[in-house]
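Side chains are part of it too, since the values below use all heavy atoms of this structure and drop only hydrogens, waters and symmetry mates. To find a chain, count down the sequence lines: A is the first, B the second, and so on, and within it residues start at 1.
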Amino acid sequence: DVKVTQSSRYLVKRTGEKVFLECVQDMDHENMFWYRQDPGLGLRLIYFSYDVKMKEKGDIPEGYSVSREKKERFSLILESASTNQTSMYLCASTPGGVDTQYFGPGTRLTVL
Amino acid sequence: SQQGEEDPQALSIQEGENATMNCSYKTSINNLQWYRQNSGRGLVHLILIRSNEREKHSGRLRVTLDTSKKSSSLLITASRAADTASYFCVPMDSNYQLIWGAGTKLIIKP
């Protein structure tokens, strides 16, 4: 079974803090993704990566950055958290050439 | 917006009944995927149907695709309480990007 894990299920941070969300997959997948999910809006793609040290902007990259130093790990960074970044964050991975995505359990981030 | 639109937004049925969810999309697609999300198992892929396919089955799930109408449907037969979840119709466009909508909330009443 593919396993995608995220470092925290729930996180509470203060405005202006730097926030790190970690995602690890154990199946040697090439592609990894970060989404946020808000009520009524579905999932929106923040960043994705097709390989180590590679990153591509998704639909809503503003206010976020990512890091992929190792194939199994994809980190999402909020440089200076703001209240409008309160959301559920979902990480996903997929092998190259495969279209279905495997998701982690999600991190519910609250920024006060 | 290229966002897919699911219909209905919410559906409540009795256990044992069939549930049908529909979606429409606006762009040409490579494939269309259905995902389920509940609090227990998170977001999970259910089934993928390619643009040259019209119907696909997986257990109690039946998916249809009509590319001329840019629409798809998901039928769950003999529903169970464990089917209570949000269901997402997710087209993959010609750039291999997944297009997520807001989903259909399905509630199965015992």
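- Minimum heavy-atom separation, A:Ser80 to A:Gly16: OG-CA, 3.4 Å.
- In this structure, the portions of A:Gln101 lying under 4.5 Å from any heavy atom of chain B include both its backbone and its side chain.
- The aromatic rings of A:Tyr102 and A:His29 sit tilted, their planes meeting at an angle between 30° and 60°.
- In this structure, chain A has a heavy atom under 4.5 Å from the side chain of B:Gln37, while its backbone stays farther away.
- When all heavy atoms are compared, the tightest approach of B:Leu65 to B:Ser72 is CD1-CB, 4.2 Å.
- Separation of the B:Tyr87 and B:Trp100 ring centroids does not fall under the 6.0 Å cut-off.
- For A:Phe33, no part lies under 4.5 angstrom from a heavy atom of chain B.
- Heavy atoms closer than 4.5 Å to chain A are found in the side chain of B:Leu48, but not in its backbone.
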